[in-house]
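It should be emphasised that the depicted structure is a prediction, and the values quoted were computed from it without experimental measurement. Protein chains get the first letters and strands the later ones, always in sequence-line order, with residue 1 at the start of each.
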Amino acid sequence: MADEDVQKTLAELSRDLQESKARLEEAQRVAHVGHWEWDLESDVVVWSDETYRIFGLRPQERPMDLAAVRAMVHPEDRESLYRGVDENLVDGVRPEAEFRIVRPNGELRTVHSVTPQRWTSTPGAAKTDASGRPYKLFGTVQDITDRKRAEEALKQSQFYLSEGQRLAHMGSWASNDLGIRWSDDLGIYWSDEVYKIYGLDPQNGAPNLKRYLATIHPDDRASMAETIRVMHEQRCGCDVTKRIVRPDGEVRYVRCVGVPVFEGGVFKAFHGTTMDVTEHELLTQELRRERAYLTEAQSLTHTGSWACNLFTREIFHSSDENARLYGFDPSQGTVPFDRFYNGILAEDEVALRAKLENAIREGEDYDIEFRIRRTDGAIRFLRGIGHHNPSQEMGEYVGITMDITERKRAEEEREKLRQLEADLAHINRVNMMGELAAALAHEIRQPIAASITSANACLRWLARDPPDLERARAAAARIEQDGNRAADVINRMRSFYKKGAPPERGIVDLKDIIREMTALLRRETVRHSIKIHSELDVDMPTVLADRVQLQQVFMNLMLNAIDAMRDTGGELTIRSRLTPERQLVVSIGDTGVGLPAENTERIFDAFHTTKPQGTGMGLAITRSIVEAHGGRVWATANQEAGATFHFTLPAKPEADA
Amino acid sequence: MKSATVPTVFIIDDDRGMRQAIYDLVESVGLRAESFATGEEFLGTTQIGRPSCLVLDVRLPQMSGLDFQRRLAETGMQIPIIFITAHGDIPMSVRALKSGAVEFLTKPFRDQDLLDAIQQALQRDRTAQEQQAEIHDLQERYDALTAREQEVMTLVVSGLLNKQISSEIGASEATVKVHRGHVMHKMRAGSIVDLVRMADKLKLSPRK
């Protein structure tokens, strides 16, 4: 064989070697695996390029020896690593080691070093001298920092998971059978915590469908079986809370959440969690019960509860009843503050706002009453009580709102009744005054008539020829007596007739009075078969008048009309109209006996009466009241039957009506 | 019977002052007056002389003036009444006047009105008294007739002729003439017309 061939062969071999080496280098670079050789005699260490890179150096940057390598190992790992090496060197082989290195830039990396084979049996890896003692070591080093970190993270998360499951009484499960095959075997995986929740022994493995359903409380069993069937058929998730019965008989609430897992659109399995929610469920039930009681109580008492910041107008809580008080439908979601606030009647809002602003500023509690227009248009009285906790933000209040309309109405009704009673008492008093006046008029008339007659007699005694002075004196004495008698009567009358309170003028709606009087006289009208019929001007203006006096006017005229129809029955008509001069004309007509043929005007005179029981005061009082109010009163005969009494009152000017 | 020349005015009024005043007024014009507080008092103590009249207050304590008026009429006591009242009304006065009251006066009244009413009442009473006297007289004459004469008088005033009367009573015409002469004489009738008027006053019912 020629040298040339040898040369050529050598050259080829050398090229192949170079190529192999290059490929090795490339492979090492891609896999982050380097190799090393350690000459135990010289302590010289030879590194591949990748090993240099792993250690954070440029390839072949500088020659390495053991000390240099040692210096790069993390101090904490250095001792154990080299002790191991020494022991291995004595006892044999340490095939691999894991340790941290510190790169020149300070970066920490974790590397894995492997000596592929025991050098004693594999000369390719370690070279031994004649005595069998190795003098050279060979190995690989791999940068496993990233893998290590992932492992750490996984371990960490697994730890957290299991710890979390334990703490949360939550287990996880997975099943790939459920949903693929409808069989007795659920093909399910349970985490330890699931076994714990169900009170089952993990040694016995996960239950099959039958055994699983047996753990469910009888009342929930059917629905759970149905849930599983639906999951299986439709491969849909679930979120159910059901009761289970543990082997020891304890009932627990368990929430089970499952989701189907798809890979590339293909169903793979169900994953899910199982939670023991007994405490939560019991608490929820308790809360629900409490809430139901509270809601019921709120609804019964028309009391709503709320919490809000009056300053920022933020509502934190508003009970259903609170919404209902204002006419909102609680099922339509939360109602913003302004919609509540805008329901308040404008005339109440000003005072309300002042009070609230003051309370907010002072941080004080408040208790207010106001009216609202509910969404259905009804006006309601509300009472709001707000409590401010000083530790809270400014304007933050919790409180209640109550509908006190019924109470208010009752109060008003009571007040009205009381007023009516007082008015009636007054009317009675006035009526009595009328009777009294009539009686007194009679009593005064007697002495006056007597003294006039005596005076006449006296004059006649004096006119005699000769005058009979004795009889004249006696007559004069009687005149004095009778004069004194009349004065006494008047004095007595005075003590009765303490001039009543001066008339109190106020805005009066005649419709109210007519309604009251109609109600008051109902018994009379029913008894005499009289129908009351009113034709009132819808826009009848109010008048400025003494309410009680006007009641008397109506009372007198209506009683008159009733009297006129006492024996026949009939219809009492009350009409009102407004003249262009803004005079309110009220007419009270009857279908009774009508007016006396003559002296129609005299019927208004005091003591003029056509009735056996009459005092003759009613119409006189009526006239004086009406005239005192700037109106007048007159009577007309009806065309068909009966009479109509009319009176006018000046209407209140429109400007301030 | 007392002297017819002294008329008496009876006054019933529960008001003493009024009663005295009227009493005095009546006396001041020369009439006799008697006053009472109640109607009972008046009925119990008084012999009613003629001519007289009664001034009666409508409103009396026990019995109203109107009721008292009715009661007087029932007992046949005929005395003209003047009502006075402190509070009269129209129906009341109408009722009073319909029941024969002379006047209805409201207190206080003008003295002359009362005195005029009193005079009117007394005049009415006087007339009534005269009528009563006349009837009394006629009755006496009538009572003096024999039964046959009374029978003949009734037939005469019924307008029968002597011949008819004769056949009626079964006597001769001459006998009838004699009876007739006696009747005219005893009754002091100047003519048949006179006799008819007397029969009328005596309320003799003529034969048909």
Side-chain angles (χ1 to χ4, degrees), chain A residues 437-465 467-486 488-489 596-599 602-603 605-617, chain B residues 9 11-35 37 55-61 64-67 82-96 103-119:
Chain A
L440 290 173
H442 179 250
E443 279 200 57
I444 294 169
R445 201 178 278 250
Q446 290 281 24
I448 286 176
S451 61
I452 289 171
T453 304
S454 291
N456 294 141
C458 178
L459 289 172
R460 285 176 191 275
W461 292 121
L462 291 174
R464 281 195 163 196
D465 191 18
D468 189 333
L469 294 178
E470 200 49 47
R471 297 297 294 261
R473 191 176 294 116
R478 285 203 313 277
I479 294 172
E480 192 201 1
Q481 273 176 24
D482 286 327
N484 284 333
R485 198 145 63 94
D488 285 349
V489 171
E598 297 164 2
N599 292 334
R602 268 204 68 198
I603 57 177
D605 289 351
F607 307 114
H608 179 90
T609 182
T610 55
K611 287 181 282 188
Q613 290 85 20
T615 61
M617 289 303 285
Chain B
V9 177
I11 301 150
I12 307 176
D13 193 323
D14 63 322
D15 187 87
R16 190 167 143 268
M18 199 67 224
R19 200 162 65 226
Q20 287 179 345
I22 296 171
Y23 179 95
D24 201 32
L25 180 69
V26 168
E27 289 212 328
S28 75
V29 295
L31 295 170
R32 217 172 68 79
E34 284 186 45
S35 66
V55 176
L56 180 59
D57 185 22
V58 169
R59 184 192 271 187
L60 290 172
S64 87
L66 294 172
D67 291 338
I82 298 153
F83 278 105
I84 52 172
T85 178
H87 53 90
D89 56 32
I90 293 166
M92 195 191 278
S93 58
V94 168
R95 236 179 87 199
E103 189 58 275
F104 193 97
L105 296 172
T106 304
K107 300 176 194 174
F109 39 76
R110 285 176 57 227
D111 60 339
Q112 199 55 55
D113 288 350
L114 178 64
L115 293 174
D116 287 352
I118 287 172
Q119 287 305 339

- Message: So which atom in A:Ala457 and which in B:Ala21 form the shortest heavy-atom distance, rounded to 0.1 Å?
- Response: CB-O, 4.4 Å
- Does the pair B:Thr106 and A:Arg445 meet the rule for a side-chain contact (heavy atoms from CB on, under 4.5 Å), with working shown? CA-CA 10 Å; B:Thr106 304; A:Arg445 201 178 278 250; 3.8 Å; yes
- Message: Ignoring hydrogens, what is the shortest heavy-atom contact between B:Lys107 and A:Ala449? Give both atom names and the distance.
- Response: CB-CB, 3.5 Å
- Item | For A:Gln446 against B:Met18, the heavy-atom pair lying closest together | O-SD, 4.0 Å
- Message: Going by side-chain contact (heavy atoms from CB on, under 4.5 Å), A:Asn456 matches just one of B:Ile22, B:Leu114, B:Asp111. Which one?
- Response: B:Asp111
- Heavy-atom closest pair, residues A:Ala450 and B:Gly17: CB-C, 3.7 Å
- Message: Can you confirm whether more than 12 heavy atoms, excluding those of A:Arg471, are under 6.0 Å from its CZ atom?
- Response: yes
- Please look at B:Asp24 and chain A and tell me whether the side chain, the backbone, both or neither of the residue comes under 4.5 angstrom of a heavy atom of that chain. both
- Message: Given heavy-atom pairs under 4.5 angstrom as the criterion, report whether the side chain, backbone, both or neither of B:Leu105 touches chain A.
- Response: neither
- Message: To the closest 0.5 Å, what do you measure between CD (A:Gln481) and CZ (B:Arg16)?
- Response: 6.0 Å
- Query: What's the verdict on side-chain contact (heavy atoms from CB on, under 4.5 Å) for B:Glu27 and A:Asp468, showing C-alpha distance, side-chain angles and the deciding distance?
  - Reply: CA-CA 11 Å; B:Glu27 289 212 328; A:Asp468 189 333; over 6 Å; no
- Closest-packed option against chain B by number of heavy-atom pairs under 4.5 Å, given A:Thr453, A:Asp482, A:Ile452: A:Thr453
